[in-house]
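One-based numbering, in listed order, for ligands and for the atoms of each. Computed from a prediction, not measured in an experiment: that's the story for all the values here. We use all heavy atoms of the structure for the numbers below, so side chains are in, but hydrogens, waters and symmetry mates are not.
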Amino acid sequence: MRFDNAFIRDLPGDPETGLRQRQVQSACYSRVSPTPVAAPRLVAASAEVAALLGLDPAYVASPEFACVFGGNDLIAGMEPFAVNYGGHQFGNWAGQLGDGRAISLGEVLVPSGRWELQLKGAGPTPYSRRGDGRAVLRSSVREFLCSEAMFHLGVPTTRALSLVATGDQVVRDMFYDGNAQAEPGAIVCRVAPSFIRFGNFELPASRGDIALVAQLVDFTIHRDFPELEGDRTAWFHEVCRRTAVMIDHWMRVGFVHGVMNTDNMSILGLTLDYGPYGWVDNYDPDWTPNTTDAQGRRYRFAAQPQVAHWNLHRLANALVPLFDTTDPLTEGLELFVREYQRLEQLTAAAKLGLEDGTLFDELTGLLAQAEVDMTIFFRGLANVDGPSLEPVREAFYRPETMPLLEPWLARYAALAKPGRKAAMDAVNPKYVLRNYLAQEAIDRAEQGDDLGVQELLEVMRRPYDEQPGNERYAARRPDWARHKAGCSALSCSS
Ligand code: AMP
Ligand code: MG
């Protein structure tokens, strides 16, 4: 592997080394090595990401691979570091946060491009505050599987190369009720062209370090947006546009991020930081998977477009000193709104398989009222060829609510044209990473059975295909999962 570690080469670093917890001024990162683990063992790997990186499958299966991607060894060219950033959490400025448990190994240059490799859960850094720098298996399975599932759904996202069990125990209080327990630890290797977040710009801006904001902006444009070299306005507009694209995809597939803090917003418009995320089962605009957010529901499903706009506004505020007037920034925020509205209309029409999305808003109101599974309903809609609800029957959690949809369906059937199925099936997935499916794979993995993770990954590689024999992965959330931890709601404990 050929490394070209631009981030640490071209940006200022922390002169101090070691793990002392500290405020790091005037620097974008601190050098820090992964802390070795007891017995690294590969649980699962993404063949597609390995191929992107030019890694031989035999190497990926070898003990050497588990050693490197479990944090016990470095390959020549790797120069590990943790990144310094801040962020707005749940609407409030939180100050310096930084990579408390992520350690980047370096940037590889391969024919498919530049990829930063980052271990999540590889031990403490100067940004760990009171945390241990580790991650439990359950949250690592979720991040690993969802990164790849999202990619195959066509949603912009960071990727995941590997999931390695560490052989160490990690203590977590999952329900925040004073019952801490030891759980198996794990490390995911995340892969993306860049892990720069809105919060990377906000932190130096909050400290009045305008020179560093400018340097980071120009570095980001040069490395990650080379076609926009020298044009900070065009760059900010592009960030707004990409964020709109990402959110539109989330709404299309029923993904709820759960923690849209500005430190979790990628400057590349990639879905980043899979924590207490979730998938909408029954269509519910107010649903949030995050128990920490259960009261305010700031990050509920339907709020994601507005939250993205709010987050872009925080980024814009950090960039104000770089511009003569605020006009370019205001224009970017307006561009986000326009672009999102345009995409929302296109997506509504595409999901319905109609010329336009006029019927969509009325439908989502009914879906929420009647408790209908989002994924099954839209998939089934392609088979509707008359006023009968039969093709979408499976989507109803309570069959007695079916009549609520009848008038709408009659209008839909009158407009829907034959021959629309292939196009609809390409935007309405059959398989999504339902919360209960991930939990089943986790339960098996915690018993030492890795196959559940591997099988689920395999199904999620082809979410738009029918996949005869795999229908059970497309089933409605079973009743037992309705209120079960991990299936209906998740804490941030990870
Ligand atoms: P998150 O909610 O996962 O995006 O994390 C928010 C902040 O907390 C980031 O700065 C993380 O690095 C940090 N953090 C979360 N969990 C841990 C942990 N176990 N050890 C150290 N830092 C952590
Ligand atoms: Mg985060």
Review point. Among pairs that include at least one residue of residues 293-317, which meet salt bridge (Lys or Arg N to Asp or Glu O under 4.0 Å), considering only residues two or more places apart or in two chains?
Key: Asp286-Arg300

Check your understanding: What pairs of residues pass the ring pair (Phe, Tyr, Trp, His ring centres under 6.0 Å) test when at least one of them lies in residues 201-223, not counting sequence neighbours?
Key -> Phe7-Phe219, Phe201-Trp235

Review point. Do other residues, nucleotides or ligands put more than 12 heavy atoms under 6.0 Å from the CD atom of Glu227?
Key: yes

**Study point:** From CZ (Arg101) to CZ (Arg129), nearest 0.5 Å
**Key:** 11.0 Å

Exercise for review: Check the Mg ion (ligand 2) and write out every protein N, O or S atom at under 2.8 Å, as residue and atom.
Suggested key: Asn264 OD1, Asp273 OD2

Review point. Are the side chain of Gln304 and the backbone N or O of Met251 linked by a donor-acceptor pair below 3.5 Å?
Key: no

Practice item. Taking the six-membered ring for Trp and the single ring otherwise, decide whether the centroids of Tyr299 and Phe90 are under 6.0 Å apart. Key: yes

Practice item. Could you tell me whether a side-chain N or O of Tyr473 sits under 3.5 Å from a main-chain N or O of Leu437, the two making a donor and an acceptor? Key: no

Check your understanding: Of the options Asn84, Asp99, Asp14, which is the one that meets Ser30 in a side-chain hydrogen bond (donor to acceptor under 3.5 Å, both in side chains)?
Key -> Asp14

**Study point:** NZ/NE/NH1/NH2 to OD/OE distance under 4.0 Å, Arg444 and Glu440
**Key:** no

What are the polar N/O contacts of ligand 1 with the protein below 3.5 Å, with distances?
| from | atom 1 | to | atom 2 | distance (Å) |
| --- | --- | --- | --- | --- |
| ligand 1 | 4 (O) | Asn264 | OD1 | 3.1 |
| ligand 1 | 4 (O) | Asn264 | ND2 | 3.4 |
| ligand 1 | 4 (O) | Asp273 | OD2 | 3.4 |
| ligand 1 | 8 (O) | Arg129 | NH2 | 3.0 |
| ligand 1 | 10 (O) | Gly98 | O | 2.6 |
| ligand 1 | 10 (O) | Arg129 | NH2 | 3.3 |
| ligand 1 | 12 (O) | Gly98 | O | 3.2 |
| ligand 1 | 12 (O) | Gly100 | N | 2.7 |
| ligand 1 | 16 (N) | Arg101 | NE | 3.3 |
| ligand 1 | 19 (N) | Asp132 | OD1 | 3.1 |
| ligand 1 | 19 (N) | Arg134 | O | 3.4 |
| ligand 1 | 19 (N) | Arg172 | NH2 | 3.3 |
| ligand 1 | 20 (N) | Asp132 | N | 3.3 |
| ligand 1 | 20 (N) | Gly133 | N | 2.8 |

